[in-house]
Amino acid sequence: MTEQEIHQCLAAARKGDRQAFRRLVDFLMPRLYSVVYAMIPDTDEVYDILQDTFIKAYRGLPGLRKPEAFVGWMTRIAVNTARTRLTRKREYATEPDAQVFATLTAPGNGPSEALEHQELQQVLHGALNQLSPEHREVVALVELQELSCADAAKLLDCPAGTVRSRLHYARKKLQELLAPQRGWLFREESAK
Amino acid sequence: MTDSKANDPLAPLPLSDQELDQLLKNGKAVPPAEFSERFWQDLEPKLDQTPMRNPRLWMRPSLIAAAAGLVVMLLAFPVAMKMGQQNEDTATVAENNQPAPATYGAAPELKDAKEAPAVDLNTADKSPSPAAEKLKQEATTAPAAPRNQGDNRQRQSQRQAAPTQPLKKTADMTPQIAAMLEPMNGQVHKLEQNRYELKVPADQSSELKTRMKDWERVVPHTLLERGMHEKGQVIYRLELK
């Protein structure tokens, strides 16, 4: 979905076009899913959080002052909703979600590749889950959502330096945590 | 911890930045297919629902109502206290306007009583004083605090009951007392309503006390010896209850 298409859909959705809003949901939901899942690795929780996020967004559309910042606005809503949920349930540092996805929808992937992708996610999110919630947030926004540190800082209401610092330590920790899995994680690469 | 790992030759080397980047890029969580399918189906009906009230506990309507009630009560309490105090003050003023009870050594009052013009006590009782009038008006118009309602009602009932007191109390008892004192060569002098001064010879003092004790069964009263001897006479103050 191009930026222009997003703006067109947004304009229509603000006028009450339900189908236009659905197109926005279809476009944004996978992106927000990866962010929220990095924060809370529980599929059911993420589902509820994203439902809340889009409901809040739909009701907030008329008050949206900067349509060009729509994606960031949506991300902020999702992150804040996840944060609220996280505050209520601080015990997410247990086991990550079972990730028993019957069929993964990684584009162009066959069943075996999907299974590998699933395993990769399990390993990665197992490591992410060992980080603090603050570190998970910055990894989710900067590494997964591909925001700049400045944008992530705005979204998280903290200085950009804090985001950079958190990101540095989060990456360092992930590198250590994932080191034992290197042989398995990169076997495909080395085989190729 | 890092140092110990660094010193451990068997510890695996951390991933490089490139390896981690690659892993993060490929390891993005993807929503499951069933998740995506039902997502819009679940979401659409919720969009039509009226916005939920803030589900936070402190925003629940029942709690808001309770809190509002509490605030009103707290605000009303000082006002009620003030009004109750005013009622009490008014009542005190009215009571102070009434004649003070007799005390020992209140000679001037005795003198005043002698000089006081004769008043038809029955009519005097029936016409309420201005203070009593004011009290009555306040009792009927001013809302009183719950704490003071009992007191006000009691006062009001006393005021209302006053004109309908038994005649025994309001009527002039002077002839009756005089008749009682006659065998003892005693004298009675009315000071004011329900208050009399009795004079008996000192030697009749015990006789008087005995008689008055018997009479108390008929007319409740208090007999106080003033302790003033005048020409061999003992003066008593009699107050009918």
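Just so it is clear: chains get the letters A, B, ... in the order the sequence lines come, proteins before strands, and each one is counted from 1.
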Novice: How close do A:Ala179 and B:Leu13 get, counting heavy atoms only, and between which atoms?
Specialist: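 Minimum heavy-atom contact is CB-O, 3.1 Å.
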Novice: Can you find a pair of side-chain heavy atoms, one from A:Gln175 and one from B:Asp17, that are under 4.5 Å apart?
Specialist: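 Sidechains of B:Asp17 and A:Gln175: in contact.
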Novice: Grab the two heavy atoms, one from B:Ala29 and one from A:Tyr37, that are nearest each other, plus how far apart they are.
Specialist: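 Shortest heavy-atom separation between B:Ala29 and A:Tyr37 comes out as CB-CD2, 3.5 Å.
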Novice: Taking side chain as everything from C-beta outward and backbone as N, CA, C, O, which of these in A:Val36 sits under 4.5 Å from a heavy atom of chain B? Side chain, backbone, both or neither.
Specialist: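 For A:Val36, neither part sits under 4.5 Å from chain B.
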Novice: With a 4.5 Å heavy-atom cut-off, do A:Val139 and B:Leu24 have their side chains touching?
Specialist: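 When only atoms from C-beta onward are counted, B:Leu24 and A:Val139 do touch, with a gap below 4.5 Å.
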Novice: For atom OH of A:Tyr169, is the number of surrounding heavy atoms from other residues, nucleotides or ligands below 6.0 Å larger than 12?
Specialist: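 No, not enclosed.
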Novice: Quick one: are A:Tyr58 and B:Leu43 in side-chain contact, heavy atoms under 4.5 Å?
Specialist: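 Not touching, per the 4.5 Å side-chain cut-off.
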Novice: Highest number of heavy-atom pairs under 4.5 Å with chain B: which of A:Glu146, A:Arg31, A:Arg18?
Specialist: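 Among A:Glu146, A:Arg31, A:Arg18, the one with the most close pairs to chain B is A:Arg18.
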Novice: When you compare the side chain of B:Leu20 with that of A:Lys172, does any pair of heavy atoms fall below 4.5 Å?
Specialist: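 Not touching, per the 4.5 Å side-chain cut-off.
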Novice: If we only count heavy atoms from C-beta on, is the B:Asp21 to A:Glu143 side-chain gap below 4.5 Å?
Specialist: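 SC-SC contact between B:Asp21 and A:Glu143 confirmed.
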Novice: Applying a heavy-atom distance below 4.5 Å, give me the residues of residues 21-30 of chain A that approach chain B, sorted by number.
Specialist: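 Interface residues of residues 21-30 of chain A: A:Phe21, A:Arg22, A:Val25, A:Met29, A:Pro30.
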Novice: Out of curiosity, B:Leu23 CG to A:Leu124 CG, how far, rounded to the nearest 0.5 Å?
Specialist: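 The CG atom of B:Leu23 sits 5.5 Å away from the CG atom of A:Leu124.
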Novice: Quick one: side chains of residues 49-56 of chain A, donor-acceptor pairs under 3.5 Å with protein atoms, not counting sequence neighbours, listed by atom name and distance.
Specialist:
| unit_1 | atom_1 | unit_2 | atom_2 | d |
| --- | --- | --- | --- | --- |
| A:Gln51 | OE1 | B:Lys46 | NZ | 2.8 |
| A:Gln51 | NE2 | B:Phe39 | O | 2.9 |
| A:Asp52 | OD2 | A:Arg85 | NH2 | 3.1 |
| A:Thr53 | OG1 | A:Ile49 | O | 2.7 |
| A:Lys56 | NZ | A:Thr81 | OG1 | 3.1 |

